[in-house]
Amino acid sequence: MGITYKDAGVDVDAIKKSQESIGRLIRTTHNKTSTIHGFGHYAGLVEIPGNMLLATHTDGVGTKVAVANLMKKFDTVGIDCIAMNVNDVICVGATPTSFVDYIAANRNEPMIFDELIQGLSVGARQAEVPIVGGETAIMTDMFAGDDFAFDLAGTVTGLVSKDRLVLGDAIRPGDVIVGAHSSGIHSNGYTLVRNVLFPKYSIHDNIKGMGCIGDALLAPTRIYVLPVLDILQECTVHGLAHITGGSFAKLSRLANVGFEVDSLPPIPPIMELIQAQGVDDDEMYKTFNMGVGFCVILSKDQADSAISIFKRYNIESNVIGYITNSKGVRVNSHILSYIG
């Protein structure tokens, strides 16, 4: 048995139980006349006037902020924060319309805050979503230790007309999965990353074929908004998935079908380094994107169109799998369970 996320301190099974309890409480707040989808998908949906739905999602950067602190480099994690939100909200077919951020820190560091906002601004321009507000909270006694510490999160809203909504219910056996390549680890699994790498390596170590470990870990999450919105306009899309926490196992939240993933692109070097420290295949496929950051599910005859649209935006993609009559997710013959 290799090193697991649970060994690093993140018990995904326990988290799932907590999520189920949270979900029951959240559902008591739903207005049955306006709440279309309120828990368990990539974005919550409520009706607004004009045959439209308001989509909302909130997310953060996780312990990637710890890597930014170690590198003393803060101008990229803002891109991650935008990406983790907008890449999720487009999974229901919505166009991102506004974004607000939240920075919590143990002390006021204006130069660092400026770098964080620079990254947020870069990401917002890439996604073509305006940042319309935010909050910076200084909480001196909420972070352990004397060194500077912070957390970064945000919330995005989006709009989608009812007739353009994509929830995965149109997915059918015979459809194919087009996977858009990732730019690296993106923003998930960093607790496991730090636990397996840093006992052996320094953040500044250079690895042949990869370069500085810290730079590889801070590579910003790729933003897929513009190509996916074009694909939604030019193709008939059956399902969309942002490959984040839970990795490919999360595909099963879209539909009760079989997802067979068997043609992944080459694994990024940083993930090969992580796996070489004793993380087995199952744990890698359940934790990391393994080179694919976003999936578009559509009929086989439309796959080439989707691939060409990604290429228009300089994003490589390929057909990584297909839909079957069975249930669940298999990646290179490994059966994955959905963990929320």
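Because the structure is predicted, anything quoted here is derived from the model rather than measured.
Tested against I177 for a side-chain contact (heavy atoms from CB on, under 4.5 Å), the candidates V292, V296, N318, I297 yield a single pass: I297. Tested against V178 for a side-chain contact (heavy atoms from CB on, under 4.5 Å), the candidates I320, D304, L298 yield a single pass: L298. The only option from I138, I112, I117, D151 that meets the side-chain contact (heavy atoms from CB on, under 4.5 Å) definition with I103 turns out to be I117.
A heavy-atom distance below 4.5 Å is not found between the side chains of I207 and P269. Counting heavy atoms from C-beta on, the side chains of I231 and F310 come closer than 4.5 Å. You'll find the side chain of P96 reaches within 4.5 Å of the side chain of V225, heavy atoms only. Contact annotation: the side chain of I270 approaches that of M210 to within less than 4.5 Å [non-hydrogen atoms, C-beta and beyond]. With a 4.5 Å cut-off on side-chain heavy atoms, T324 and P173 do not count as touching. Side-chain contact check for V160 versus L45: some heavy-atom pair is nearer than 4.5 Å.
Distance CG/L116 to CD1/I79: 11.5 Å, rounded to 0.5 Å. Going from atom CE of M284 over to atom CG of N332 covers 12.5 Å, rounded to the nearest 0.5 Å. Going from atom CD1 of I131 over to atom OG of S121 covers 4.5 Å, rounded to the nearest 0.5 Å. For the atom pair L53 CG and D163 CG, the distance stands at 9.5 Å (nearest 0.5 Å). For the atom pair Y313 OH and L229 CG, the distance stands at 8.0 Å (nearest 0.5 Å). E109 CD to D114 CG: the interatomic distance, rounded to the nearest 0.5 Å, is 12.5 Å.
There is a path of hydrophobic side-chain contacts, each under 4.5 Å, that joins I185 to V61. With hydrophobic clusters built from ILVMFWY side chains whose heavy atoms lie under 4.5 angstrom apart, Y190 shares a cluster with I267. I48 and V132 sit in two unconnected hydrophobic clusters of ILVMFWY residues. Membership requires side-chain heavy atoms under 4.5 Å apart, directly or through other members. Cluster membership for L197 and I203, using ILVMFWY side-chain heavy atoms within less than 4.5 angstrom, is shared. By the criterion of side-chain heavy atoms lying less than 4.5 angstrom apart, applied directly or through intervening Ile, Leu, Val, Met, Phe, Trp or Tyr residues, Y102 is not grouped with V77; the two fall into different hydrophobic clusters.
The minimum heavy-atom distance linking G154 with F99 is given by the pair CA-CZ, 3.7 Å. R222 approaches S183 most closely through the heavy-atom pair N-OG, 3.3 Å. The minimum heavy-atom distance linking A153 with C81 is given by the pair C-SG, 3.4 Å. The two atoms that bring V89 and G158 nearest to each other are CG2-N, 4.4 Å, heavy atoms only. The two atoms that bring M290 and P268 nearest to each other are C-CD, 4.0 Å, heavy atoms only. Considering every non-hydrogen atom in both V92 and L165, the closest pair reads O-CD1, 3.4 Å.
Using a distance-only test at 3.5 Å, with no hydrogens or angles considered, no donor-acceptor pair links the side chain of N325 to the main chain of G258. Under a 3.5 Å cut-off, the side chain of N85 and the backbone N or O of V100 do not form any donor-acceptor pair. In this structure, K162 contributes its side chain and N51 its backbone to no donor-acceptor pair below 3.5 Å. Proximity of a side-chain donor or acceptor of R164 to a complementary backbone N or O of G93 within less than 3.5 Å is not detected. Side-chain atoms of Q302 come within 3.5 Å of backbone N or O of T236 as a donor-acceptor pair. Looking only at distances, no side-chain donor or acceptor of D101 sits under 3.5 Å from a matching main-chain atom of G134. The backbone N or O of D146 sits less than 3.5 Å from a side-chain atom of R107, completing a donor-acceptor pair. Side-chain atoms of S247 come within 3.5 Å of backbone atoms of Y285 as a donor-acceptor pair (strictly under, hydrogens ignored). Side-chain atoms of S98 do not come within 3.5 Å of backbone N or O of P130 as any donor-acceptor pair. Within the 3.5 Å criterion, the main-chain N or O of L273 finds a donor-acceptor partner in the side chain of Q277.
A tilted orientation is assigned to the rings of F294 and Y224, their planes being inclined by 30° to 60°. Using the six-membered ring where Trp is involved, H186 and H242 have ring planes that are tilted, between 30° and 60° apart.
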* Asked: Do N106 and F148 pass the side-chain contact (heavy atoms from CB on, under 4.5 Å) test, and can you show the C-alpha distance, the side-chain angles, and the key distance before you say yes or no?
  -> CA-CA 6 Å; N106 62 342; F148 175 74; 3.6 Å; yes

